[in-house]
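Below: one structure, written as structure tokens.
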Amino acid sequence: MSTNIESYSALPPAVQRIVRSLQISGWLGFWIQIILSVISLLVLIFSKVILQLDRTPTGQPITNPGSGIGLAFALLGNLVLLGGAYWSFRYTRLSRQLQSSDSLTRPNPSAVVQAIKLGVGINLIGMLLTLMSAEALIGALFAKALSQPQSGVAFYERITQAIQPIDILIVQANTNIILAHFVGLCASLWLVRAMSRA
């Protein structure tokens with residue numbers, strides 16, 4: 001432990017700032033993305049199970065916007081989010097490598113910048129997938145709201161065609177994924193700023 005402290009204090013002040021920035025943004029990005037990803041994944045799995053169990057009184061599956069392309073894009077966005085969380089964790093490993101006294105194992109500045117650019121790309125792709133999911137979900141919910149039957153229709157038909165709480169839960173999970181990608185993107189952009197000021 002004392003060797004790490006000695007090697008850290010021997011680094012130039014600019015490198016110390018980069019090491020500190022990598023540690024802070026890496027750990028914050030990692031934990032926020034992991035927590036939001038796990039919560040969203042549990043909600044999406046729960047929703048998928050509930051949607052498969054929902055049936056009309058005649059035994060037909062209930063059409064639901066969460067069971068289509070919107071849910072598929074949300075799951076893809078969540079999968080990319082796990083990659084983004086791993087990449088945030090990778091920033092903490094880069095900070096350790098920068099503290100190394102061995103110049104052969106220490107990454108050069110261009111390698112650190114490339115890693116940060118890849119982190120930005122991962123979160124942008126994940127955000128795009130999740131925004132596509134949001135578009136599909138909201139469009140399907142809007143269509144469902146427009147097609148709600150008026151009075152005089154059998155009660156069970158009104159219930160099965162109404163917007164259900166599970167629909168809103170899916171939108172909330174999707175919003176959590178977008179927020180997590182945004183946090184990862186902000187962490188990476190903060191690192192770009194820290195690198196440019198060093």
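Keep in mind the model is a prediction, meaning the values are calculated, not measured.
Cluster annotation: V80 and Y86 are assigned to the same hydrophobic cluster (Ile/Leu/Val/Met/Phe/Trp/Tyr, side-chain heavy-atom contacts under 4.5 Å, transitive). In the hydrophobic clustering of ILVMFWY residues, with side-chain heavy atoms under 4.5 Å counting as a link, W87 and L76 come out together. Residues L94 and V19 fall within the same hydrophobic cluster, defined by Ile, Leu, Val, Met, Phe, Trp and Tyr side chains chained together at heavy-atom separations under 4.5 Å. Under the 4.5 Å side-chain heavy-atom criterion for Ile, Leu, Val, Met, Phe, Trp and Tyr, I177 and V38 are members of distinct hydrophobic clusters. Residues V113 and V192 are members of one and the same hydrophobic cluster, defined by side-chain heavy-atom contacts under 4.5 angstrom among Ile, Leu, Val, Met, Phe, Trp and Tyr.
Under 3.5 Å, the side chains of Y91 and S21 contain no donor-acceptor pair of N or O atoms. With 3.5 Å as the limit, one finds a donor-acceptor pair spanning the side chains of N78 and S37.
Contact of the W190 side chain with the C186 side chain is not registered, since no non-hydrogen atoms from C-beta on lie closer than 4.5 Å. You'll find the side chain of V43 reaches within 4.5 Å of the side chain of S47, heavy atoms only.
Separation of atoms CD (Q33) and CG (L81) is listed at 5.0 Å; rounding is to 0.5 Å. If you take CD on Q23 and CG on L98, they are separated by 9.5 Å, rounding to the nearest 0.5 Å. Between the CG atom of L44 and the CD1 atom of I39 there is a distance of 12.0 Å, given to the nearest 0.5 Å. Note: I116 CD1 to S25 OG = 7.5 Å, rounded to the nearest 0.5 Å. Rounded to the nearest 0.5 angstrom, S95 OG and I24 CD1 are separated by 10.0 Å. To the nearest 0.5 Å, atom OG1 of residue T175 and atom CD1 of residue I170 are 11.5 Å apart.
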*Is there a ring-ring contact (aromatic ring centres under 6.0 Å, His included) between W27 and F89 once you walk through the steps?*
CA-CA 6 Å; W27 284 119; F89 179 74; 5.6 Å; yes
In a table with atom names and distances, give each donor-acceptor pair under 3.5 Å that connects a side chain of residues 117-141 to protein atoms at least two apart or in another chain.
residue, atom, partner, partner atom, Å
N123, OD1, H181, ND1, 3.3
N123, ND2, G119, O, 3.1
T130, OG1, G126, O, 2.7
S133, OG, G70, O, 2.6
S133, OG, A74, N, 3.4
S133, OG, N174, OD1, 2.9

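In the hydrophobic clustering, where aliphatic and aromatic side chains (Ile, Leu, Val, Met, Phe, Trp, Tyr) are joined below 4.5 Å either directly or transitively, L36 groups with I32, L179, V183.
A pairwise comparison of heavy atoms in P109 and M195 identifies O-CE, 3.9 Å as the closest pair. Considering all non-hydrogen atoms of both residues, A194 and I18 come closest at O-CG1, 4.4 Å.
Formation of a donor-acceptor pair under 3.5 Å by the S188 side chain with backbone atoms of L185 is not found in this model.
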